Protein chains: 2
Amino acid sequence: MTKKRTTVKAEETRARILDSALQLFREKGFDEATMRDIAEEAGVATGAAYYYFRSKEDLVMAFYVRTADEARELFPKVIGESRDLQKRIRAILDLKFGQFARHRRLLVALVRIGIDPAHPLSPFGKETEPMRDESIDSFRLAITDSTTRIPKDLQDDLPRLLWLYQMGLILFWMFDESPRQQRTKKLIDGSLDLIVRLISLSALPLMGPLRKRMLDVLSAVE
Amino acid sequence: MTKKRTTVKAEETRARILDSALQLFREKGFDEATMRDIAEEAGVATGAAYYYFRSKEDLVMAFYVRTADEARELFPKVIGESRDLQKRIRAILDLKFGQFARHRRLLVALVRIGIDPAHPLSPFGKETEPMRDESIDSFRLAITDSTTRIPKDLQDDLPRLLWLYQMGLILFWMFDESPRQQRTKKLIDGSLDLIVRLISLSALPLMGPLRKRMLDVLSAVE
DNA sequence: CTTGTAAATTGAACACGTTCAAAAACAAGG
DNA sequence: CCTTGTTTTTGAACGTGTTCAATTTACAAG
């Protein structure tokens, strides 16, 4: 029962619409670029865009899926360059921010969509689970067999925490209007160093109870 | 040069529109309640709503201003009940969450507005500065002359950090669909305890360099 | 080549947030 | 009571995202 015959031509149309959308989003911003603009730029009728994408927001999501596919390819190379924990996390962050750099403004639209828990495209929702898990797993790969010793009981939850940390950084970056977003750069430099230090610190014998307390909070919450 | 004569009747109309809006927002949600609904409920024409409020989102902001006014009155009573740091912060949080409880869904709309750095109503923007400062100052009042000893160099920045912490909690609460939002409750219980412990811990002699490093990051960022 | 069916495409229509010129209500002075 | 200027109110109109019945196109089967 083949439900989709999807010709090559159809795939081309889809790509043309998405490309037109991204171009216009970047030129004029998400709100300013209208679906009629996008369709015209792609050389199709307005309704055609809705044949390929559920909504205007879905176009942004399609962009995100694209970057995720790209990241999947680049990831092994990026992670393989060092076994130092800090350098590895840094490499992941650089990859992500590098991908988003040209579309910083578009990220506002992405977050505005995701911030609604009821929205299917929310980063905490069901539909985005695979991508989220993949992203979290990339941090898991980064910490395993790294040179920094990580307490056993922390190993399970740390990837998720780092993912959350990354989300926070992206949020900050969105708001950062300093030239070339150098404030975000400084924040990453400073905070990442701090975090790695805290992880090392938390491995000290006396820190067991405090660590346990933190992990208890985490497990009670999810 | 009195530019606004604003009669009593006009003020009543404004209040009626805002009340209708909040009622409908709560009944049907922000997106589902249309401006035409709101106007009809208030017994005015559609355009009237735009005479008193710049936009639909502005109605949400007006609600927020209302709660802030209310909080200003309740604050002294709430803070005066104890000198214990944890209890005080807890009291502030309880006040905030108590106010928002009935309108949890509406908060999504509020955050969706605020997440856009370019939007005038963004919580980090110019227009919301007074309210933000007031909120930060409430934390400043809570830590001064509390029983917990707070390192001198930390005293300036801690209020802002706590404000950020509060924002994070509100975000979590927004996504929390557990019965009566008990997961948020647990998170507050656990994290607040942790934070107060960390503050105490950071006051230990050996922690000076780490504290300084953190403060350096903060100052480099803003 | 013809035909039947699914995929692809169209463009008018809908509901929405928002704007605005015009009308109405109101206040103050004569 | 008029007149004049300001505040308030109206409702039609605009541009938007989105839907959908209708049409055209693509292609496999006969």
Side-chain angles (χ1 to χ4, degrees), chain A residues 1-18 20-22 24-25 27-63 106 108-110 112-113 116 119-121, chain B residues 1-18 20-22 24-25 27-63 106 108-110 112-113 116 119-121:
Chain A
M1 210 219 313
T2 48
K3 237 344 175 6
K4 283 255 175 154
R5 267 195 311 208
T6 57
T7 63
V8 176
K9 183 162 153 291
E11 202 55 45
E12 276 175 2
T13 308
R14 195 194 121 98
R16 208 165 62 247
I17 292 172
L18 180 54
S20 303
L22 292 182
L24 288 175
F25 286 160
E27 279 176 19
K28 334 196 328 187
F30 180 77
D31 288 327
E32 286 67 28
T34 75
M35 289 301 267
R36 287 166 180 82
D37 288 343
I38 293 169
E40 194 183 9
E41 176 78 24
V44 294
T46 329
Y50 287 90
Y51 181 76
Y52 291 100
F53 302 93
R54 279 175 299 183
S55 64
K56 192 180 180 182
E57 298 171 343
D58 204 32
L59 282 163
V60 184
M61 196 57 186
F63 155 74
L106 193 52
V108 176
L110 193 61
R112 208 165 54 189
I113 298 166
D116 183 354
H119 199 285
L121 302 181
Chain B
M1 210 222 309
T2 48
K3 246 316 169 38
K4 283 254 173 152
R5 270 195 305 210
T6 57
T7 62
V8 177
K9 185 162 152 293
E11 201 56 46
E12 277 175 0
T13 309
R14 194 194 122 98
R16 210 167 59 246
I17 292 172
L18 180 55
S20 303
L22 291 182
L24 287 176
F25 286 160
E27 280 176 17
K28 332 195 332 186
F30 180 76
D31 288 326
E32 285 68 28
T34 76
M35 289 301 269
R36 287 168 179 83
D37 287 342
I38 294 168
E40 194 182 8
E41 176 78 25
V44 296
T46 330
Y50 287 90
Y51 181 76
Y52 291 101
F53 301 93
R54 280 174 298 180
S55 65
K56 192 180 180 182
E57 298 171 342
D58 203 32
L59 282 163
V60 184
M61 196 56 187
F63 155 73
L106 193 52
V108 175
L110 192 61
R112 209 165 52 189
I113 299 165
D116 184 354
H119 199 286
L121 302 180

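Note that the coordinates shown come from a computational prediction; the quantities given were computed from them, not determined experimentally. Residue numbering restarts at 1 for every chain, and letters A, B, ... go by the order of the sequence lines.
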From OH of B:Y52 over to C1' of C:dT18, roughly how many Å is that when rounded to an integer? 18 Å

Sorted by number, residues from residues 37-47 of chain A placing a heavy atom under 4.0 Å from DNA chain C are A:V44, A:A45, A:G47

Considering only C:dG17, D:dT18, D:dT8, which nucleotide approaches the side chain of B:T34 most closely? C:dG17

Of the non-hydrogen atoms in B:Y50 and B:S55, which two are nearest, and what is the gap between them? CE2-CA, 4.1 Å

If we only count heavy atoms from C-beta on, is the B:Y52 to B:T13 side-chain gap below 4.5 Å? yes

Looking at A:Y51, I'd like to know whether one of its side-chain N or O atoms comes within less than 4.0 Å of OP1 or OP2 on C:dA8. yes

May I ask you to evaluate whether B:S55 reaches the phosphate of C:dG17, defined as a side-chain N or O under 4.0 Å from OP1 or OP2? no

Using a heavy-atom cut-off of 4.0 Å across all strands, would you classify A:F53 as base, sugar-phosphate, or nothing? nothing

Partner residues of A:R14 under the salt bridge (charged side-chain N to carboxylate O under 4.0 Å, His left out) criterion, sequence neighbours left out: A:E11

Walking DNA chain D from its 5' end, the first of A:E32 and A:K9 to be reached, judged by nearest nucleotide, is A:E32

Is there a side chain to side chain contact (heavy atoms under 4.5 Å, CB included) between A:D31 and A:R112 once you walk through the steps? CA-CA 12 Å; A:D31 288 327; A:R112 208 165 54 189; 3.1 Å; yes

For B:A33, which contact category applies under a 4.0 Å heavy-atom criterion: base, sugar-phosphate, or nothing? sugar-phosphate

Separation of A:H119 atom NE2 from D:dG17 atom P, in whole Å? 14 Å

Gap between atoms CG and C1', on B:L59 and C:dT18 respectively (whole Å): 13 Å

Rounding to an integer number of Å, can you tell me how far A:E12 CD sits from C:dA7 P? 19 Å

Working note: B:M61 + B:R54, criterion side chain to side chain contact (heavy atoms under 4.5 Å, CB included); need CA distance, chi angles, decisive distance, verdict. CA-CA 10 Å; B:M61 196 56 187; B:R54 280 174 298 180; 5.8 Å; no

Looking at D:dG17, does its base get a donor-acceptor pair with the side chain of A:R36 below 3.5 Å? yes

When the distance from CD1 of B:I17 to C1' of D:dT8 is rounded to whole Å, what number comes out? 11 Å

By side chain to side chain contact (heavy atoms under 4.5 Å, CB included), which residues pair with B:A33, not counting sequence neighbours? B:L24, B:F25

Just N and O in the side chain of B:Y50: are any of them under 4.0 Å from OP1 or OP2 of C:dT18? yes

Whole-Å distance, A:R14 CZ to C:dT9 P, equals 13 Å

First of A:F30 and A:A48 reached from the 5' end of DNA chain D, by closest nucleotide: A:F30

Rounded to the Å, how far apart are B:D31 CG and C:dA15 C1'? 13 Å

Return the value, rounded to whole Å, for the distance between atom CE of A:M35 and atom C1' of C:dC14. 16 Å

Starting from the C-alpha separation in whole Å, work towards a yes-or-no answer on side chain to side chain contact (heavy atoms under 4.5 Å, CB included) for B:D37 and B:E27. CA-CA 12 Å; B:D37 287 342; B:E27 280 176 17; over 6 Å; no

